[in-house]
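Note that the structure is predicted; figures quoted are calculated from it, not measured.
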Amino acid sequence: NNSSRNTVGGEDTSAMNVLGGNRIAININGSAGNDNVILCNNVGLAPSGRSAIGNEIGILNTQTRNNTIGPGNRISGNDTGIKLFETHNTVIVGNSVGLGATGLKALPNGVGLLILNAPNNQIGGNDPLDGNFFSGNTAAGALVMGQFANGNDFLNNSFGLGTDGTTPVPNVGPSVEVSDRASFNRWGDYSAVGNTFFAGPNSPIVFLGGQGNDVLNPRFIFGANSTDLLIDLGGDGPTPNGPPGRTGPNDLINYPVPTGASLIGDDILLSGTLEGQSPGLPLFLQVFSGPACNTSGESVGSGDIFTQ
(Lines give C-alpha, C1' and ligand atoms only; values in the text may rest on other atoms or scores of the structure.)
Protein backbone atom coordinates (compact mmCIF):
# COMPACT_ATOMS: atom_id res chain seq x y z
CA ASN A 1 0.00 0.00 0.00
CA ASN A 2 1.17 3.52 -0.89
CA SER A 3 4.56 2.23 -2.07
CA SER A 4 6.42 4.29 -4.67
CA ARG A 5 9.45 4.12 -6.97
CA ASN A 6 9.72 0.34 -7.02
CA THR A 7 10.70 -1.88 -9.94
CA VAL A 8 9.15 -5.31 -10.36
CA GLY A 9 11.20 -7.32 -12.84
CA GLY A 10 14.14 -6.07 -14.88
CA GLU A 11 15.39 -5.03 -18.26
CA ASP A 12 15.43 -8.60 -19.64
CA THR A 13 14.16 -12.08 -18.85
CA SER A 14 17.08 -12.82 -16.50
CA ALA A 15 15.24 -10.69 -13.93
CA MET A 16 11.80 -12.09 -14.81
CA ASN A 17 9.35 -12.90 -12.03
CA VAL A 18 6.83 -15.72 -12.48
CA LEU A 19 3.63 -14.68 -10.74
CA GLY A 20 0.77 -17.16 -10.71
CA GLY A 21 -1.88 -18.79 -8.58
CA ASN A 22 -2.75 -15.64 -6.62
CA ARG A 23 -5.86 -13.60 -6.12
CA ILE A 24 -3.88 -10.54 -7.25
CA ALA A 25 -0.38 -11.07 -8.57
CA ILE A 26 0.78 -7.42 -8.46
CA ASN A 27 -1.23 -4.93 -6.46
CA ILE A 28 -0.34 -1.22 -6.48
CA ASN A 29 -2.76 0.92 -4.52
CA GLY A 30 -3.15 4.10 -2.54
CA SER A 31 -2.70 7.76 -3.39
CA ALA A 32 1.05 7.55 -2.69
CA GLY A 33 1.55 4.39 -4.78
CA ASN A 34 3.24 6.23 -7.62
CA ASP A 35 6.16 5.98 -10.06
CA ASN A 36 6.44 2.19 -9.96
CA VAL A 37 7.62 0.18 -12.96
CA ILE A 38 6.59 -3.41 -13.86
CA LEU A 39 8.58 -4.98 -16.69
CA CYS A 40 9.60 -8.33 -18.19
CA ASN A 41 7.47 -10.60 -15.99
CA ASN A 42 5.32 -13.65 -16.63
CA VAL A 43 2.00 -12.78 -14.98
CA GLY A 44 -0.27 -15.82 -15.01
CA LEU A 45 2.07 -17.99 -17.08
CA ALA A 46 4.48 -20.77 -16.21
CA PRO A 47 8.19 -20.01 -16.69
CA SER A 48 8.08 -21.50 -20.18
CA GLY A 49 5.18 -19.25 -21.13
CA ARG A 50 3.38 -22.22 -22.65
CA SER A 51 0.86 -22.97 -19.90
CA ALA A 52 -1.20 -20.95 -17.45
CA ILE A 53 -0.94 -20.63 -13.67
CA GLY A 54 -3.51 -17.89 -13.61
CA ASN A 55 -4.44 -15.24 -11.10
CA GLU A 56 -7.82 -13.65 -10.51
CA ILE A 57 -6.21 -10.33 -11.45
CA GLY A 58 -2.77 -10.15 -12.98
CA ILE A 59 -1.93 -6.49 -12.30
CA LEU A 60 -4.17 -4.15 -10.31
CA ASN A 61 -3.68 -0.40 -10.01
CA THR A 62 -6.10 1.27 -7.58
CA GLN A 63 -6.24 5.02 -6.93
CA THR A 64 -2.63 5.58 -8.03
CA ARG A 65 -0.87 7.74 -10.60
CA ASN A 66 2.23 7.77 -12.80
CA ASN A 67 2.91 4.03 -12.81
CA THR A 68 4.30 2.18 -15.84
CA ILE A 69 3.37 -1.36 -16.89
CA GLY A 70 5.90 -2.62 -19.40
CA PRO A 71 7.62 -3.19 -21.58
CA GLY A 72 8.11 -6.92 -21.85
CA ASN A 73 5.40 -8.36 -19.61
CA ARG A 74 3.47 -11.43 -20.74
CA ILE A 75 0.09 -11.26 -19.03
CA SER A 76 -2.05 -14.30 -19.76
CA GLY A 77 -4.16 -16.98 -18.14
CA ASN A 78 -5.83 -14.63 -15.63
CA ASP A 79 -9.48 -13.84 -15.04
CA THR A 80 -8.53 -10.20 -15.70
CA GLY A 81 -5.10 -9.42 -17.10
CA ILE A 82 -4.73 -5.75 -16.11
CA LYS A 83 -7.22 -3.70 -14.11
CA LEU A 84 -7.02 0.06 -13.65
CA PHE A 85 -9.47 1.25 -11.02
CA GLU A 86 -9.80 4.96 -10.22
CA THR A 87 -6.18 5.46 -11.23
CA HIS A 88 -4.74 7.99 -13.65
CA ASN A 89 -1.62 8.69 -15.69
CA THR A 90 -0.72 5.02 -15.88
CA VAL A 91 1.32 4.13 -18.98
CA ILE A 92 0.99 0.60 -20.42
CA VAL A 93 3.58 -0.12 -23.12
CA GLY A 94 5.05 -3.07 -24.94
CA ASN A 95 3.19 -5.99 -23.35
CA SER A 96 1.41 -9.05 -24.70
CA VAL A 97 -1.94 -9.68 -23.05
CA GLY A 98 -3.61 -13.02 -23.80
CA LEU A 99 -0.79 -14.69 -25.75
CA GLY A 100 1.61 -17.52 -24.98
CA ALA A 101 5.38 -17.73 -25.33
CA THR A 102 5.48 -17.70 -29.13
CA GLY A 103 3.18 -14.71 -29.36
CA LEU A 104 1.20 -16.52 -32.04
CA LYS A 105 -1.23 -18.62 -29.98
CA ALA A 106 -3.80 -17.72 -27.36
CA LEU A 107 -3.22 -18.28 -23.67
CA PRO A 108 -6.27 -16.29 -22.74
CA ASN A 109 -7.28 -14.03 -19.96
CA GLY A 110 -10.97 -13.43 -19.45
CA VAL A 111 -10.76 -9.66 -20.01
CA GLY A 112 -7.37 -8.49 -21.22
CA LEU A 113 -7.50 -4.92 -19.90
CA LEU A 114 -10.25 -3.45 -17.70
CA ILE A 115 -10.33 0.32 -17.24
CA LEU A 116 -12.95 1.02 -14.58
CA ASN A 117 -13.62 4.65 -13.63
CA ALA A 118 -9.97 5.41 -14.42
CA PRO A 119 -9.22 8.61 -16.40
CA ASN A 120 -6.29 9.90 -18.45
CA ASN A 121 -4.22 6.77 -18.91
CA GLN A 122 -2.07 5.95 -21.93
CA ILE A 123 -2.09 2.52 -23.52
CA GLY A 124 0.68 2.27 -26.09
CA GLY A 125 2.52 5.30 -27.43
CA ASN A 126 3.70 7.24 -30.46
CA ASP A 127 6.54 4.79 -31.11
CA PRO A 128 5.24 1.57 -32.71
CA LEU A 129 7.40 -0.40 -30.23
CA ASP A 130 5.28 1.06 -27.42
CA GLY A 131 2.20 -0.78 -28.64
CA ASN A 132 0.63 -3.67 -26.76
CA PHE A 133 -0.98 -6.84 -28.11
CA PHE A 134 -4.45 -7.60 -26.71
CA SER A 135 -5.30 -10.91 -28.33
CA GLY A 136 -6.79 -14.31 -27.67
CA ASN A 137 -8.84 -13.29 -24.65
CA THR A 138 -12.16 -15.01 -23.96
CA ALA A 139 -14.05 -11.75 -23.33
CA ALA A 140 -13.03 -8.25 -24.42
CA GLY A 141 -9.46 -7.39 -25.32
CA ALA A 142 -9.96 -3.99 -23.65
CA LEU A 143 -13.08 -3.06 -21.67
CA VAL A 144 -13.54 0.61 -20.73
CA MET A 145 -16.42 1.36 -18.40
CA GLY A 146 -17.70 3.78 -15.77
CA GLN A 147 -18.63 7.45 -15.93
CA PHE A 148 -15.15 8.53 -14.82
CA ALA A 149 -13.32 6.43 -17.43
CA ASN A 150 -12.55 9.43 -19.61
CA GLY A 151 -9.60 10.71 -21.58
CA ASN A 152 -7.80 7.41 -22.05
CA ASP A 153 -5.60 7.18 -25.14
CA PHE A 154 -4.81 4.00 -27.09
CA LEU A 155 -1.91 4.35 -29.55
CA ASN A 156 -0.17 1.81 -31.79
CA ASN A 157 -1.77 -1.24 -30.17
CA SER A 158 -2.81 -4.44 -31.92
CA PHE A 159 -6.04 -6.26 -31.12
CA GLY A 160 -6.71 -9.86 -32.13
CA LEU A 161 -3.32 -10.42 -33.76
CA GLY A 162 -0.15 -12.27 -32.88
CA THR A 163 3.06 -10.42 -32.16
CA ASP A 164 4.13 -10.81 -35.79
CA GLY A 165 1.34 -8.37 -36.63
CA THR A 166 -0.38 -10.66 -39.14
CA THR A 167 -1.39 -13.97 -37.52
CA PRO A 168 -5.03 -13.86 -36.38
CA VAL A 169 -5.43 -14.61 -32.68
CA PRO A 170 -8.89 -13.11 -32.19
CA ASN A 171 -10.49 -12.14 -28.94
CA VAL A 172 -13.72 -14.09 -28.41
CA GLY A 173 -15.54 -10.93 -27.35
CA PRO A 174 -15.02 -7.52 -28.92
CA SER A 175 -11.46 -6.33 -29.16
CA VAL A 176 -12.70 -3.05 -27.66
CA GLU A 177 -15.87 -2.59 -25.65
CA VAL A 178 -17.02 0.70 -24.11
CA SER A 179 -19.95 0.81 -21.71
CA ASP A 180 -21.55 2.46 -18.70
CA ARG A 181 -21.04 6.14 -19.63
CA ALA A 182 -17.30 5.94 -20.35
CA SER A 183 -16.69 8.94 -22.63
CA PHE A 184 -14.12 10.92 -24.60
CA ASN A 185 -11.62 8.09 -24.95
CA ARG A 186 -9.55 7.80 -28.12
CA TRP A 187 -8.19 4.95 -30.18
CA GLY A 188 -5.63 6.75 -32.33
CA ASP A 189 -5.05 10.45 -32.89
CA TYR A 190 -5.51 13.05 -35.61
CA SER A 191 -2.04 12.48 -37.06
CA ALA A 192 -1.05 9.12 -38.54
CA VAL A 193 -1.10 7.13 -35.29
CA GLY A 194 -3.79 4.50 -34.94
CA ASN A 195 -4.37 0.94 -33.78
CA THR A 196 -4.62 -2.32 -35.70
CA PHE A 197 -7.62 -4.63 -35.35
CA PHE A 198 -8.33 -8.11 -36.62
CA ALA A 199 -11.90 -8.17 -37.88
CA GLY A 200 -13.33 -11.64 -37.45
CA PRO A 201 -16.98 -12.70 -37.51
CA ASN A 202 -17.85 -10.27 -34.69
CA SER A 203 -17.48 -6.50 -34.60
CA PRO A 204 -14.03 -5.67 -33.25
CA ILE A 205 -15.24 -2.39 -31.70
CA VAL A 206 -18.51 -2.17 -29.77
CA PHE A 207 -19.79 0.98 -28.07
CA LEU A 208 -22.59 0.20 -25.61
CA GLY A 209 -22.54 3.56 -23.85
CA GLY A 210 -20.77 6.87 -23.46
CA GLN A 211 -20.24 9.88 -25.70
CA GLY A 212 -17.39 11.30 -27.73
CA ASN A 213 -15.40 8.09 -28.02
CA ASP A 214 -13.23 8.31 -31.15
CA VAL A 215 -11.61 5.72 -33.38
CA LEU A 216 -9.04 7.54 -35.49
CA ASN A 217 -6.77 6.19 -38.22
CA PRO A 218 -7.52 2.52 -37.55
CA ARG A 219 -6.15 -0.33 -39.63
CA PHE A 220 -8.24 -3.46 -40.05
CA ILE A 221 -6.97 -6.89 -41.06
CA PHE A 222 -9.55 -9.28 -42.41
CA GLY A 223 -10.14 -13.01 -42.32
CA ALA A 224 -12.42 -15.30 -44.28
CA ASN A 225 -15.45 -14.57 -42.06
CA SER A 226 -15.12 -10.82 -41.59
CA THR A 227 -18.77 -10.01 -42.16
CA ASP A 228 -19.95 -7.82 -39.29
CA LEU A 229 -19.70 -4.08 -38.70
CA LEU A 230 -16.29 -2.79 -37.74
CA ILE A 231 -17.73 -0.31 -35.23
CA ASP A 232 -21.07 -1.26 -33.73
CA LEU A 233 -23.06 1.39 -31.86
CA GLY A 234 -25.24 -0.45 -29.38
CA GLY A 235 -24.03 -3.98 -30.11
CA ASP A 236 -27.11 -4.67 -32.21
CA GLY A 237 -25.90 -4.41 -35.77
CA PRO A 238 -26.07 -1.51 -38.25
CA THR A 239 -27.58 1.69 -36.89
CA PRO A 240 -29.66 3.53 -39.51
CA ASN A 241 -29.27 7.26 -39.95
CA GLY A 242 -31.80 9.39 -38.16
CA PRO A 243 -32.65 12.89 -36.94
CA PRO A 244 -30.49 14.80 -34.43
CA GLY A 245 -31.22 14.46 -30.74
CA ARG A 246 -31.19 10.68 -30.57
CA THR A 247 -29.79 9.07 -27.46
CA GLY A 248 -27.37 6.18 -27.40
CA PRO A 249 -23.65 5.48 -27.67
CA ASN A 250 -21.89 8.42 -29.34
CA ASP A 251 -25.37 9.94 -29.85
CA LEU A 252 -25.90 7.27 -32.55
CA ILE A 253 -23.91 9.52 -34.87
CA ASN A 254 -24.94 9.34 -38.51
CA TYR A 255 -22.64 8.02 -41.19
CA PRO A 256 -21.95 9.86 -44.47
CA VAL A 257 -23.87 8.77 -47.54
CA PRO A 258 -21.65 8.81 -50.66
CA THR A 259 -23.28 9.98 -53.85
CA GLY A 260 -20.43 9.78 -56.32
CA ALA A 261 -16.75 9.30 -57.01
CA SER A 262 -14.61 10.35 -59.94
CA LEU A 263 -10.95 10.09 -60.83
CA ILE A 264 -9.22 13.39 -61.61
CA GLY A 265 -5.61 12.72 -62.49
CA ASP A 266 -4.14 10.90 -59.52
CA ASP A 267 -6.87 12.15 -57.18
CA ILE A 268 -10.25 10.72 -56.30
CA LEU A 269 -13.04 13.27 -55.88
CA LEU A 270 -15.76 12.05 -53.55
CA SER A 271 -19.15 13.61 -53.02
CA GLY A 272 -21.83 12.85 -50.49
CA THR A 273 -24.03 14.08 -47.68
CA LEU A 274 -24.03 13.97 -43.91
CA GLU A 275 -27.27 14.89 -42.23
CA GLY A 276 -28.50 15.17 -38.69
CA GLN A 277 -25.35 16.62 -37.12
CA SER A 278 -25.16 19.91 -35.25
CA PRO A 279 -24.16 22.69 -37.68
CA GLY A 280 -20.81 24.40 -37.25
CA LEU A 281 -19.06 21.53 -35.49
CA PRO A 282 -15.82 20.25 -37.07
CA LEU A 283 -15.89 16.75 -38.51
CA PHE A 284 -13.06 14.31 -39.10
CA LEU A 285 -13.92 12.22 -42.14
CA GLN A 286 -12.25 8.87 -42.70
CA VAL A 287 -12.62 6.96 -45.95
CA PHE A 288 -11.95 3.24 -46.26
CA SER A 289 -11.59 0.86 -49.16
CA GLY A 290 -13.86 -2.18 -49.22
CA PRO A 291 -14.22 -5.23 -51.45
CA ALA A 292 -17.88 -5.91 -50.62
CA CYS A 293 -20.87 -4.84 -48.58
CA ASN A 294 -21.71 -6.14 -45.16
CA THR A 295 -24.15 -9.06 -45.12
CA SER A 296 -26.80 -6.64 -43.88
CA GLY A 297 -26.54 -4.76 -47.18
CA GLU A 298 -24.96 -1.75 -45.53
CA SER A 299 -21.88 -0.36 -47.23
CA VAL A 300 -19.32 -0.99 -44.50
CA GLY A 301 -15.73 0.15 -44.94
CA SER A 302 -13.07 -2.49 -44.73
CA GLY A 303 -9.37 -2.24 -45.33
CA ASP A 304 -6.89 0.54 -44.87
CA ILE A 305 -7.76 4.22 -44.97
CA PHE A 306 -6.80 5.59 -48.35
CA THR A 307 -7.70 9.22 -47.70
CA GLN A 308 -9.21 11.35 -45.00
Side-chain angles (χ1 to χ4, degrees), residues 52 74-82 95-100 102-114 123-124 131-145 154-179 185 187-188 194-208 213-239 249-250 255 286 288-306:
R74 293 188 296 202
I75 305 166
S76 299
N78 308 286
D79 293 345
T80 300
I82 304 170
N95 306 285
S96 68
V97 183
L99 296 168
T102 66
L104 302 178
K105 294 184 178 180
L107 192 59
N109 303 288
V111 174
L113 168 64
L114 172 59
I123 297 85
N132 304 278
F133 290 85
F134 297 98
S135 304
N137 300 289
T138 59
L143 173 58
V144 183
M145 61 186 301
F154 290 74
L155 303 168
N156 273 317
N157 302 287
S158 293
F159 295 86
L161 294 166
T163 54
D164 62 355
T166 58
T167 300
V169 190
N171 298 291
V172 177
S175 282
V176 168
E177 181 178 320
V178 178
S179 66
N185 301 285
W187 283 262
N195 298 274
T196 302
F197 301 87
F198 176 73
N202 300 312
S203 298
I205 303 169
V206 177
F207 291 159
L208 299 177
N213 293 297
D214 292 334
V215 180
L216 306 170
N217 292 306
R219 178 173 179 248
F220 296 100
I221 293 178
F222 294 84
N225 298 315
S226 298
T227 58
D228 285 345
L229 291 173
L230 302 179
I231 302 174
D232 189 346
L233 299 180
D236 53 0
T239 300
N250 276 14
Y255 53 82
Q286 300 177 95
F288 296 82
S289 62
C293 287
N294 181 268
T295 53
S296 68
E298 299 287 337
S299 180
V300 178
S302 59
D304 297 336
I305 296 174
F306 64 84

Show the nearest heavy-atom pair for residues Gly162 and Phe133, with the distance to one decimal.
O-CE2, 3.2 Å

Suppose we screen for side-chain hydrogen bond (donor to acceptor under 3.5 Å, both in side chains). Which residues come up paired with Asn195, at least two apart in sequence or across chains?
Asn157

Do Phe220 and Pro204 come close enough that some side-chain heavy atom pair is under 4.5 Å?
yes

The single option from Asn78, Asp79, Thr80, Asn171 passing side-chain hydrogen bond (donor to acceptor under 3.5 Å, both in side chains) against Asn109:
Asn78

Anything under 30° is parallel, anything over 60° is perpendicular, the rest tilted; go ahead and classify Phe154 against Trp187.
parallel

Please examine the side chains of Val178 and Val206, heavy atoms only from C-beta on, and report whether any two atoms are closer than 4.5 Å.
no

Could you work out, with side-chain hydrogen bond (donor to acceptor under 3.5 Å, both in side chains) as the rule, every residue matching Ser135, not counting sequence neighbours?
none

Under the rule for side chain to side chain contact (heavy atoms under 4.5 Å, CB included), what residues qualify as partners of Leu143, not counting sequence neighbours?
Val111, Leu114, Ala140, Met145, Glu177, Ser179

Excluding sequence neighbours, so at least two apart, what forms side-chain hydrogen bond (donor to acceptor under 3.5 Å, both in side chains) with Asn185?
Asn152, Asn213

Report the residues that fulfil side chain to side chain contact (heavy atoms under 4.5 Å, CB included) with Asn156, sequence neighbours left out, ordered by chain and then residue number.
Pro128, Val193

Can you name the side-chain hydrogen bond (donor to acceptor under 3.5 Å, both in side chains) partners of Thr167, sequence neighbours left out?
Asp164

What I'd like to find out is whether the side chain of Phe159 reaches to under 4.5 Å of the side chain of Thr196, using heavy atoms alone.
no

Measuring from Thr163:OG1 to Leu99:CG, what's the distance to the nearest 0.5 Å?
6.5 Å

When rounded to the nearest 0.5 angstrom, what distance separates OG in Ser76 from NZ in Lys105?
14.5 Å

